[in-house]
Structure formats: C-alpha cells, structure tokens
Amino acid sequence: MSTNIQIGFVGLTHLGLTYLAASSAKGFKVIGIDFDNDKIEHLKKFNIEYNEPNLKKTIIKNRKKIKFSSNPKSLSKCKIVFISQDVSTDYKDRADFKNLKKTVVNTVKFLNKKTILVILSQVQPGFTRNINFDHNRLYYQVETLIFGQSIKRALKPERIIIGCKNSNFK
C-alpha cells in the first residue's frame, strides 16, 4: 500500500534511521532530517554508520520513498513528524537531554499548523509537558527497539505505547 503522506524523522541516530526505514518499507514517503550536514551526505550515499541487521538493505530497497536533508523547512509538508534522536548518557548512565531539547526547539518552528509531533526519543516523565507546541497535536511513543532486532521490531512491534494530553484524566 503506497501513500502520499509524508512522515518526517528528525535525528538520524540508530533510532531515527530504524523507524524511517520501517516506515518506508510499509509504503510511506519519508524524510529524514539531521542538522549534521556530513551525516546527511553519508546517508545520501547509503553509508550507514550503524551495524544493524537489514537496516542498510531496507533503506536501499526503499530509497525511492526516502529523502535525506539537513533543511528542516522540508518538514512543513509532513503530516506527522517524529523526534527520533537517541539520548546520550554520561559515564554514570545519566541521560543528557540538552541536545534533544535543542532538536525539538529547532524543529517545531518549521511544522505547519496541522502537523502531529511525536517524541520517540527516550525521555523522563514530564518532558513533553515542557514543549512549547500545541499539546493537542503532541504525542509520546515509547520505543522498544533492541539492537540486532530493531528493523524486525519496528516493522512488527509486540505493542505500541502512546501517550498524549487527556483533559479527562484525573
């Protein structure tokens, strides 16, 4: 099933590339955005830095449905955009959310008034509440990837867990 809906993925780390590849394999047109120009140039040549089974193969097979860019203006055509950047941790396994927050801020200003924004990155509770974006169009999806099985799990997840604003929740 092919569709004209364009899905954006911002942050082309292992997480972002995996979901981008899986979405293209399911027939969606996707755009992968990363603010690192060198990374984008490598991806356009299919130089994938992650040694994940079937990741490169899936991207190459679906290359006609995939666009890579460092220009976030391209996101204005997307119906849904995923912030899909891996969160780095320090030597004590403490998450550093500064880069993720910067990515969110640098992304939302390019989205149109109907775009749905999904935070796919692993964040602490309350993170999405602090995002300056229409919370009726803001979601959080728990990612459950396992290295070595990521494409398989992204294509056929055992479960999908999504959170959103619910004014009826007490």
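We use all heavy atoms of the structure for the numbers below, so side chains are in, but hydrogens, waters and symmetry mates are not.
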OG of Ser69 to CD1 of Ile33, rounded to nearest 0.5 Å, is 4.0 Å

Does Leu111 offer a backbone N or O that forms a donor-acceptor pair with the side chain of Ser76 under 3.5 Å? no

Determine yes or no for a side-chain-to-main-chain donor-acceptor pair under 3.5 angstrom, with Glu52 supplying the side chain and Gln149 the backbone. yes

Answer yes if the side chains of Thr115 and Asn112 hold a donor-acceptor pair under 3.5 Å, and no otherwise. yes

Could you check Thr107, Leu138, Val105 and say which one makes a side chain to side chain contact (heavy atoms under 4.5 Å, CB included) with Phe133? Leu138

Please tell me whether Val142 and Val123 are part of a single hydrophobic cluster in this structure, the criterion being side-chain heavy atoms less than 4.5 Å apart. yes

Within the 3.5 Å criterion, strictly below it, is a donor on Glu49 or His42 matched to an acceptor on the partner's side chain? no

To the nearest 0.5 Å, what is the distance between CD on Gln122 and OH on Tyr140? 6.0 Å

In this structure, would Ile40 and Phe46 fall into the same cluster of hydrophobic residues linked by side-chain contacts under 4.5 Å? yes

Looking only at atom types and distance, does a side-chain atom of Asp34 sit under 3.5 Å from a main-chain N or O of Ser70, one as donor and one as acceptor? no

Asp90 (side chain) donor-acceptor with Arg94 (main chain) under 3.5 angstrom: yes

Nearest 0.5 Å, what's the NZ-OG distance between Lys29 and Ser24? 13.0 Å

Distance, nearest 0.5 Å, that separates OG1 of Thr13 from CG of Asn99: 11.0 Å

Can you check whether Thr18's main-chain N or O pairs, donor with acceptor, with Ser150's side chain at less than 3.5 Å? no

Please step through side chain to side chain contact (heavy atoms under 4.5 Å, CB included) for the pair Phe127 and Phe97, ending with a clear verdict. CA-CA 9 Å; Phe127 182 90; Phe97 297 103; 4.2 Å; yes

Show the numbers, then the answer: is there a side chain to side chain contact (heavy atoms under 4.5 Å, CB included) between Phe28 and Gln6? CA-CA 7 Å; Phe28 293 99; Gln6 189 169 16; over 6 Å; no

Among Asp36, Ile59, Ile48, find the one that has a side chain to side chain contact (heavy atoms under 4.5 Å, CB included) with Leu43. Ile48

What heavy-atom pair brings Leu12 and Gly32 nearest, and what distance separates the two atoms? CD1-C, 3.6 Å

Look at atom CG of Asn136 and say whether more than 12 heavy atoms of other residues, nucleotides or ligands are closer to it than 6.0 Å. yes

If you look at every heavy atom in Pro72 and Phe35, which pair is closest and at what distance? CG-CE2, 3.8 Å

Can you check side chain to side chain contact (heavy atoms under 4.5 Å, CB included) on Ile83 and Leu120, steps first, answer last? CA-CA 6 Å; Ile83 302 293; Leu120 184 58; over 6 Å; no

Considering residues, nucleotides and ligands other than Lys39, do more than 12 of their heavy atoms fall under 6.0 Å from its NZ? yes

What distance do Phe9 atom CZ and Phe68 atom CZ have between them, rounded to the nearest 0.5 Å? 11.0 Å

Scanning both residues in full, the closest heavy-atom pair of Leu100 with Gln85 reads N-NE2, 3.6 Å

Do Tyr19 and Tyr139 belong together in a cluster built from hydrophobic side chains that touch within less than 4.5 Å? yes

Do you know the tightest heavy-atom contact between Ser23 and Val30? CB-CG1, 3.8 Å

Euclidean distance, Leu20 CG relative to Ile7 CD1, rounded to 0.5 Å: 9.0 Å

Give the minimum heavy-atom separation between Gln141 and Val118, together with the two atoms involved. CB-CG1, 3.8 Å

Can you confirm whether Tyr50 is buried at OH, in the sense that more than 12 heavy atoms of other residues, nucleotides or ligands lie under 6.0 Å from that atom? yes

Does one side chain, of Lys65 or Asn62, offer a donor that lies under 3.5 Å from an acceptor on the other? yes

Flag, side chain of Lys26 to backbone of Leu155, donor-acceptor distance under 3.5 Å: yes

Heavy-atom closest contact (Val87 atom, Ser121 atom, distance): CG2-CB, 4.1 Å

